[in-house]
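Some notes on the structure that comes next.
Whatever order the structure lists ligands and atoms in, that order sets their numbers, starting from 1.
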Amino acid sequence: MRLKIIGSAAGGGFPQWNCNHRLSQAARFGQAGVRPRTQSSLAVSPDGKGWVLFNASPDIRQQIAATPELQPRADGELRATPIRAVVLTNGDVDHVAGLLSLRERQPFALYATQEVLDVIAQNSIFNVLDPAIVPRRPLPLGETVAVLDGQGEETGLAVEAFAVAGKIALYLEDSSDPQADFGSDSGNTIGIRIADRGRNAFYVPGCARVDAALRERFAGASCLLFDGTLYTDDEMIAAGVGQKTGRRMGHISMEGATGAVAALAGLAIGRRIFVHINNTNPVLDENSPEHARIRMAGWEIAHDGMELDL
Ligand code: MLT
Ligand code: MN
């Protein structure tokens with residue numbers, strides 16, 4: 001299977017539109033080793049022809065423009081797309097807003113947990129995707145299911161969704177009880193195993209914690225694309241751009257005793273790659289000591305357009 005990371009930044013992208021932090025400035029002014037990145041999304045194909053998107057970012061139009069494989073074939077029908085399905089890992093803005101750009105009465109299938117499908121059903125703006133043309137299909141947890149396109153034809157990929165520790169989408173938080181909605185693993189945030197002919201890739205762009213069960217699940221994977229939002233838990237506070245810790249945002253950090261590098265050390269995984277990287281994360285600078293440290297630990301740092309053949 002072919003994987004193409006079409007968006008490697010967290011919500012806000014890199015540079016973020018209103019951000020004057022040194023890293024956003026470096027990206028904006030074209031500093032060497034600091035690549036701009038669009039918001040979190042992955043495209044996967046079993047054959048290089050039909051594609052399944054994992055998350056639909058607000059930058060999807062730009063991402064399709066940058067990815068010829070996702071454009072209509074020149075000899076195709078008058079209205080056509082190689083995008084056959086979209087699978088969501090949660091209801092966050094950076095993962096669902098791109099659905100609105102996929103209107104135009106084009107068939108494809110939409111997969112998400114029932115919880116996220118309910119959020120979409122409650123927000124009538126998503127009716128621009130007529131469910132008669134874009135069927136909405138609930139993803140069961142812990143079950144491997146074939147991904148079918150809008151007409152019910154096999155895409156060639158199978159997925160298994162599993163709950164990970166995460167957080168309800170920001171716009172659904174209950175401000176009267178800020179503790180209530182985060183750190184949960186009820187299915188508002190999922191990880192996905194993508195399977196094709198014996199190869200397994202895991203896509204987990206949001207995850208608050210790694211426990212023994214998750215380690216066991218990842219063991220032996222061909223590839224792991226994992227939550228690389230923050231380098232350190234208090235990074236946004238230290239940078240002066242926000243008040244939230246990674247923990248509060250439902251994101252594990254790379255470094256530290258309970259960080260992703262330590263928690264996933266020693267596992268047999270073909271390639272381990274950080275995705276969903278926030279614009280404050282120092283690894284975005286390829287010349288930084290933090291970038292070097294993460295690479296030394298056996299991890300790769302995703303960039304837009306990064307391709308993997310598994
Ligand atoms: C996140 O990953 O925490 C979200 O994208 C934050 C947001 O919705 O802005
Ligand atoms: Mn996000």
Requested in this report: State if H251 counts as touching ligand 1 under the rule of any non-hydrogen atom under 4.0 Å.
Outcome: yes

Query raised in the report: What are the atoms of ligand 1, with element, lying closer than 4.0 Å to any heavy atom of D94?
Result: 5 (O)

Query raised in the report: Any ion pair linking R84 and E153 (charged N to carboxylate O, less than 4.0 Å)?
Result: no

Query raised in the report: Quick one: is the NZ or CZ of R217 closer than 6.0 Å to the six-membered ring centre of F162, and within 45° of its axis?
Result: yes

Query raised in the report: Is atom CZ of R199 surrounded by more than 12 heavy atoms (other residues, nucleotides or ligands) closer than 6.0 Å?
Result: no

Query - Other residues, nucleotides, ligands: >12 heavy atoms within 6.0 Å of E216 CD - result: no

Requested in this report: Find all atoms of ligand 1 within a distance of less than 4.0 Å from any non-hydrogen atom belonging to H276, and give their numbers and elements.
Outcome: 2 (O)

Requested in this report: For the Mn ion (ligand 2), find the closest N/O/S atom on D94 and give its atom name.
Outcome: OD2

Query raised in the report: Heavy-atom distance to atom 9 (O) of ligand 1: which of D92, T89, V96, L170 wins?
Result: L170

**Report entry** For the Mn ion (ligand 2), the closest N/O/S atom belonging to H276
**Finding:** NE2

**Report entry** N-O pairing of E69 and K4 below 4.0 Å
**Finding:** yes

